[in-house]
Protein chains: 2
Amino acid sequence: MSREQTQQTAYTIDVVMLTPQNDQLALLLAQDEARSGWMLPWEAPDAGSTLDNTAAAIATRVTGTSPAWIEQVAAVGDGMMHPSNAPISVGFVAIVPMGTPEPRGDRFAWFGLDAAPALGERQQTIVRDAVAAVQDRMDLSPVAFRLLPPAFTLSELQQMYELLLGKRLHKASFRRALQAAWLVEPTDEWRSEGRGRPAQLYRYAPKKRRKGRRGVRFDLLAG
Amino acid sequence: MSREQTQQTAYTIDVVMLTPQNDQLALLLAQDEARSGWMLPWEAPDAGSTLDNTAAAIATRVTGTSPAWIEQVAAVGDGMMHPSNAPISVGFVAIVPMGTPEPRGDRFAWFGLDAAPALGERQQTIVRDAVAAVQDRMDLSPVAFRLLPPAFTLSELQQMYELLLGKRLHKASFRRALQAAWLVEPTDEWRSEGRGRPAQLYRYAPKKRRKGRRGVRFDLLAG
DNA sequence: TCAATAGTGTCTGTTAGACATTATGGA
DNA sequence: TCCATAATGTCTAACAGACACTATTGA
């Protein structure tokens, strides 16, 4: 993120770091001294690193821990404002385990997704696409499990899915689907959480690989 | 695609153009004189154009007609060979209506996907991702309809879907799903295609918008 | 007539979602 | 005791896929 060179850089890598916080997603932003505002952490790439490596390095350096998941979202191009003067930026989403300590210094801070300050046009686009990408690709990747401690209750797991997907799920259906997918196994521990019946703890233990979804769906096709 | 400047360009836009041809997907390649081989059509961007506009312009110029669908696939980065010396390339997929005439000159040619000559590492990655992107996003976009003439038989439509998705579909289920989605309406014309009972012609006429797919699926989650 | 393709009806297994019920703790 | 939460069972509607059957043409 150094802007020592006033030189035009070829492109930047911008990372949208998300973490569960207070039952919603929080976004990590960096201070933009030049504009006395906030921005996504970004970097001009090192020659020789792959895009993914560079993005992962940014996430790791800023949060002090490895992201649970990181994936490219899209390249966003010209005609949009960006803290750099690079003609394009490649956006990444990273999901950071909950409870990650506040990033060092006051140059970074977490913001609730709804309470985040306005960003430049290009970074705003990247954030919007990043959240959509998480929700689209969630069910192809066991991200949720890496955001939880090794032992968790099924309610916690469901809440994590709901947070990442941005919608409520049906409890019985959720558990049936979990069981059918052979993803978790029960431990012999139970946890009492205030009121109500204690919940059994489970651990992530994928056993089977299922064939992809069947059939055709014409959902949303009418456009 | 001009390589007049030996200068390093910031990035390139590479377009994977696909069209139905002989019951399989065909890929449009350009001659690479410098390497006496073939390559994806690519271009260094104009300042001021968006990525999408540049990609669409490439597709239109090369094929002489507007693509039926075009979408960004991904940016592919460092450490991979590319006809340019740009550090990254942004890949796009374009679907071109069938029956598009051969591109002008002998600098371009269509190749069946399986019969295409080997490309550089980076472009090979882009082609692989492009085909996967078509198959992933097909059911969110009415691409298939734009590849067919305004009036078509349901068998033709199904074959188009099978071609784009790369898998066989069940006839009765396909038609039921079509009907449920209110996407087509019958005309009063019929077409006799050699043997067998003539098929009724349909036209694309989306009427309803359906809610997204429901529930959670944990398919493929065990990884 | 036979072969080939279009189009439809019926059955079955699966599953999402709704709802109800039991289980088990804390207040 | 009442309340809150966990966990599970049952019912229904929707739907994918299999299969069979009818319809209508060309050879």
Side-chain angles (χ1 to χ4, degrees), chain A residues 23 138-139 148-149 151-162 165 167-203 208-222, chain B residues 23 138-139 148-149 151-163 165 167-203 208-221:
Chain A
D23 285 326
M138 262 294 296
D139 50 354
L148 294 168
F152 48 84
T153 70
L154 296 189
S155 295
E156 287 170 341
L157 182 62
Q158 181 175 345
Q159 283 163 26
M160 189 59 69
Y161 267 94
E162 290 175 340
L165 291 172
K167 66 178 181 190
R168 299 296 308 272
L169 299 176
H170 189 269
K171 182 167 76 165
S173 296
F174 180 81
R175 291 173 184 223
R176 266 189 313 233
L178 255 188
Q179 200 162 24
W182 291 92
L183 285 179
V184 296
E185 65 182 20
T187 71
D188 52 359
E189 291 181 280
W190 300 72
R191 178 191 299 158
S192 197
E193 201 89 61
R195 305 272 278 232
R197 174 175 171 179
Q200 189 164 15
L201 296 183
Y202 286 75
R203 74 168 65 92
K208 264 204 238 177
R209 189 171 285 277
R210 302 195 43 202
K211 292 163 301 180
R213 53 179 103 252
R214 51 182 186 169
V216 226
R217 299 292 293 262
F218 291 99
D219 299 347
L220 304 175
L221 207 60
Chain B
D23 286 324
M138 260 295 295
D139 50 354
L148 294 168
F152 47 84
T153 70
L154 296 188
S155 294
E156 287 170 341
L157 182 63
Q158 182 175 343
Q159 283 164 25
M160 186 60 68
Y161 266 95
E162 290 175 339
L163 187 56
L165 291 172
K167 66 178 178 187
R168 299 297 308 273
L169 300 176
H170 188 268
K171 183 168 72 162
S173 294
F174 181 80
R175 291 173 185 225
R176 264 188 315 237
L178 255 188
Q179 202 162 24
W182 290 92
L183 284 179
V184 296
E185 63 184 15
T187 69
D188 51 0
E189 291 182 280
W190 300 73
R191 177 191 298 158
S192 196
E193 199 91 61
R195 304 272 276 230
R197 172 175 171 178
Q200 189 165 16
L201 296 183
Y202 286 75
R203 73 167 67 89
K208 267 204 238 175
R209 188 171 286 276
R210 303 197 40 202
K211 292 162 297 178
R213 53 178 104 254
R214 49 183 188 166
V216 227
R217 299 292 294 263
F218 292 99
D219 301 345
L220 304 173
L221 209 57

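Throughout, protein chains are lettered first and strands after them, A, B, ... in sequence-line order, and every chain is numbered starting at 1. Atoms considered below: every heavy atom in the structure, side chains included; atoms not considered: hydrogens, waters and symmetry mates.
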> Quick one: bend of the helix from C/dT1-D/dA27 to C/dA27-D/dT1 from 5 pairs per end, to 10°?
Replying inline: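 That helix gives 10° between its end axes.
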> Residues from residues 192-201 of chain B sitting under 4.0 Å of DNA chain C, heavy atoms only?
Replying inline: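 Output list: B/R195, B/G196, B/R197, B/P198, B/A199, B/Q200.
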> Under 4.0 angstrom, heavy atoms only, what part of the nucleic acid is B/S155 near: base, sugar-phosphate, or nothing?
Replying inline: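 The answer is sugar-phosphate, as B/S155 gets under 4.0 Å only of primed atoms, P, OP1 or OP2.
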When the distance from [atom1] of [X] to [atom2] of [N] is rounded to whole Å, what number comes out?
X	N	atom1	atom2	result
B/Q179	C/dG9	CD	P	9 Å
A/Q159	D/dT5	CD	C1'	11 Å
B/Q158	C/dT8	CD	C1'	15 Å
A/E189	C/dT24	CD	P	19 Å
B/E156	C/dG7	CD	C1'	15 Å
A/L154	D/dT5	CG	P	16 Å
B/L169	D/dA18	CG	C1'	15 Å
A/W190	C/dG26	CH2	C1'	17 Å

> Roughly how far apart are A/L148 CG and A/Q159 CD, rounded to 0.5 Å?
Replying inline: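 CD of A/Q159 is found 9.5 Å from CG of A/L148.
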> Which value, rounded to the nearest 0.5 Å, describes the distance between A/M160 atom CE and A/D23 atom CG?
Replying inline: 9.0 Å
Distances under 3.5 Å between protein N/O atoms and the N/O atoms of nucleotides 18-20 of chain C, please, pair by pair.
residue, atom, partner, partner atom, Å
C/dA18, N7, A/H170, NE2, 2.9

> Residues in side-chain hydrogen bond (donor to acceptor under 3.5 Å, both in side chains) with B/E156, at least two apart?
Replying inline: B/R191
>> If the condition is side-chain hydrogen bond (donor to acceptor under 3.5 Å, both in side chains), which residues does A/E185 pass it with, not counting sequence neighbours?
In response: A/R203, A/K207
>> So, using side-chain contact (heavy atoms from CB on, under 4.5 Å) as the criterion, who are the partners of A/Q158 when residues are at least two apart?
In response: A/E162, A/L169, A/K171, A/F174
>> Looking at every non-hydrogen atom in both residues, tell me the closest pair between A/W190 and A/Q200 and how far apart they are.
In response: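 What the structure gives for the nearest pair is CE3-N, 3.4 Å.
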